[in-house]
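Naming: A, B, ... by sequence-line order, numbering from 1 per chain.
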Amino acid sequence: MSNIRVRFAPSPTGELHIGGARTALFNYLFARKTGGTFVLRIDDTDLERSRTDYIDNLIASLKWLGLQWDEGPYYQSKRLTEYTGEAERLIKENKAYRCYCSMDELAAGRVDAKKENRAYQYPGTCRHLTPEQEETFKKEGRQPVIRLRTPDEGTTVVSDEIRGEVSFENTGIDDFIIIKSNGLPTYNFASVIDDLQMKISHIIRAEEHLSNTPRQIICARSLGYDLPKFAHVPMILAPDRSKLSKRHGATSVEEFRDQGFLPEALVNYMALLGWSPGGDEELITLEKMVENFSLERVNKTAAIYDVGKLAWMNSQYMKDYDPQLLSEAAIPFFEKKNLLTAKPGDDEKNKLNKIVIAVRERAKTLDELADIASYFLTDDFEYDEKGVKKHFKKEGASRHLRQAASLIDAMPEFEAMDLEKAFHRLSEELQISAGRLNPLVRLAITGRMGGPGLFETINILGRQKTAARLKRAADYIDSIT
RNA sequence: GACCCCUUCGUCUAAUCGGUUAGGACACCAGCCUUUCAAGCUGGCAACAGGGGUUCGAAUCCCCUAGGGGUCACCA
């Protein structure tokens, strides 16, 4: 095991979306590639917004994607004394100080800054308070925050594995808060302490954190720790180039799952957003990704995700999926559409398998697959309107169907070859072409114009059902003509 | 507004010390295959943001402009 340690540290304030999932994936790939350790940490210091059901969602989503972590989950909410202890130490070392400014006072400063059209910075009001002044404030009942004393000059350089050296003027960084008045740490403090204490060697996270990094570096230096390496991966944007949000349709891993995407396809697709293995291969297994992964090959540009390509990729995975596993995965979608009344037994599973194999390459998602295959599981379907016009309203249609029905009734069991031959003879008898008979029969037994091969369809449907549907269609034709 | 990052087909991307007819994939269009719908196969459309340099030679290096994004909380 190498010394490489990475972490995925989401805050449980929402469902895991593909941006976060992709960050987790890159961490996972990097850890596997380097023989390192992948740590999961839950950054739940924001009591207001953190929710346990989001933690469940996070964990379920990671597991579903197959991104197994090696350590954790750790919870920041359980490590609070760690942060306050470090903050007290910094105060003793005169690297941090208590600030008694009220939120209103600070807000007023911000309003002024806005008016003068300049960036707001904490003016350092409490930087040099005497013990007496502190006493007075305390007597007034003010709850202090703790601020870090940050350098007033010089530059802080972020050395980023993906972006190179990025430097920031220290004048742009004020004495920011590390412990809030409620005693909880802020992100820039807790996260730094955890990363350092957990011996994280590479912080791989989204680009939105790049601007925060100089603060964290200053923080780490005050604390007296060595710096980890940083790698800021590009963001994933919605099709309208804005940040991902609910109004962009499905963005969370759970939603993609519920829409019938396979985890392998989603992982494959996410990996290719901001990274490429180099060659022309796009359909690659997780193993292959691990083998080829390097931060060097991660892009700098934000990527816009395209559900269309995800769907295509999903269809590719469905085609090659183990049929057993695929029909297993499809069951919830059949259930959702009320196509499965009870838990399927062995016989039904067998049938499901056949159905899934027959329709899989016609669907892009499991949800679509269940739609396409619905007529195999229910008699309750409508006839395609165009099809009715084209095939049912033709001279002799109902007679042809009745003939086909008696043909099938007369057949003891189905052999695809026999069926085909029998239909061939039938079309000769009826003196119509197979090109006219077959679509008519298809419409009668499936209600649709397209689908798996006709004889395969009849085979799966079974003799009785097929014959019954043929007669039903014939009756229907008689009733409308 | 300040600071920071980014810029190759509509979208994802390749071209990793400068020399390519700028490659692939999705989508789209056409053809083939096919009893249908798909799938598959073949072909087509389509990009180096703009302007200056450096160089024999720039998508690649430098500068400027424009555009996009991110951060500026007692959120993470």
Legend entry - Sugar-phosphate, base or nothing in reach of Gln316(A), heavy atoms under 4.0 Å: sugar-phosphate
Inset, instruction - Please name the pair of heavy atoms, one in Glu165(A) and one in Ser159(A), separated by the smallest distance, quoted to 0.1 Å. - result: OE2-OG, 4.0 Å
Legend entry - Pairs touching residues 421-450 of chain A that satisfy ring pair (Phe, Tyr, Trp, His ring centres under 6.0 Å), sequence neighbours left out: Phe423(A)-Phe455(A)
Legend entry - Range on RNA chain B touched by chain A - first to last nucleotide, heavy-atom distance under 4.0 Å: G1(B) to A76(B)
Legend entry - Side-chain heavy-atom pair Pro144(A), Phe137(A) within 4.5 angstrom cut-off: no
Inset, instruction - Using the C1' atom on both, measure A27(B) against G10(B) and round to a whole Å. - result: 8 Å
Inset, instruction - Under 4.0 Å between any heavy atoms, over every strand shown, what does His232(A) touch: base, sugar-phosphate, or nothing? Just pick one. - result: nothing
Inset, instruction - Go through residues 263-273 of chain A and report each residue with a non-hydrogen atom lying under 4.0 Å from RNA chain B, sorted by number. - result: Leu272(A), Leu273(A)
Legend entry - Residues within residues 154-162 of chain A bordering RNA chain B, heavy-atom distance below 4.0 Å: none
Inset, instruction - Give Asn299(A) one of three labels, base, sugar-phosphate or nothing, depending on what nucleic acid heavy atoms sit under 4.0 Å from its own. - result: sugar-phosphate
Legend entry - First encountered from the 5' end of RNA chain B, between Arg241(A) and Glu169(A): Glu169(A)
List the atom pairs, donor and acceptor, that lie under 3.5 Å between side-chain atoms in residues 381-396 of chain A and the rest of the protein, sequence neighbours left out.
residue	atom	partner	partner atom	Å
Asp384(A)	OD1	Lys386(A)	N	3.1
Asp384(A)	OD1	Gly387(A)	N	2.9
Lys394(A)	NZ	Lys390(A)	O	3.3

Legend entry - Lys/Arg N to Asp/Glu carboxylate O, Arg215(A) vs Asp175(A), below 4.0 Å: no
Legend entry - Shortest non-hydrogen separation from Leu273(A) to Phe26(A) and the atoms involved: O-CZ, 3.9 Å
Inset, instruction - May I ask you to say what Ser191(A) touches in the nucleic acid, namely base, sugar-phosphate or nothing, with a heavy-atom cut-off under 4.0 Å? - result: nothing
Legend entry - 5' precedence on RNA chain B between Phe168(A) and Asn212(A) (nearest-nucleotide basis): Phe168(A)
Let me check something: any side-chain donor-acceptor pairs from residues 262-270 of chain A under 3.5 Å, sequence neighbours excluded? List them with distances.
residue	atom	partner	partner atom	Å
Glu264(A)	OE1	Tyr321(A)	OH	2.9
Glu264(A)	OE2	Tyr321(A)	OH	2.9
Asn268(A)	OD1	Ile284(A)	N	2.9
Asn268(A)	OD1	Tyr317(A)	OH	2.6
Asn268(A)	ND2	Glu282(A)	O	2.9
Tyr269(A)	OH	Asp306(A)	N	2.7
Tyr269(A)	OH	Asp306(A)	O	3.2

Legend entry - Option from Arg205(A), Arg163(A), Lys300(A) for which side-chain hydrogen bond (donor to acceptor under 3.5 Å, both in side chains) with His232(A) holds: Arg205(A)
Inset, instruction - Look at all strands and tell whether Ser50(A) reaches a base, only sugar-phosphate, or nothing, counting heavy atoms closer than 4.0 Å. - result: nothing
Inset, instruction - State, without any angle test, whether Asp46(A) and Tyr187(A) hold a side-chain donor-acceptor pair at a distance under 3.5 Å. - result: no
Legend entry - Inter-nucleotide P distance (C48(B), U7(B)), Å rounded: 15 Å
Inset, instruction - Taking atom P in both U8(B) and C3(B), compute the distance separating them and give it to the nearest angstrom. - result: 25 Å
Inset, instruction - Compare every heavy atom of Leu401(A) with every heavy atom of Val441(A), then report the nearest pair and how far apart it is. - result: CA-CD2, 4.1 Å
Inset, instruction - Would you please indicate yes or no on a ring centroid separation below 6.0 angstrom for Trp69(A) and Phe8(A)? - result: no
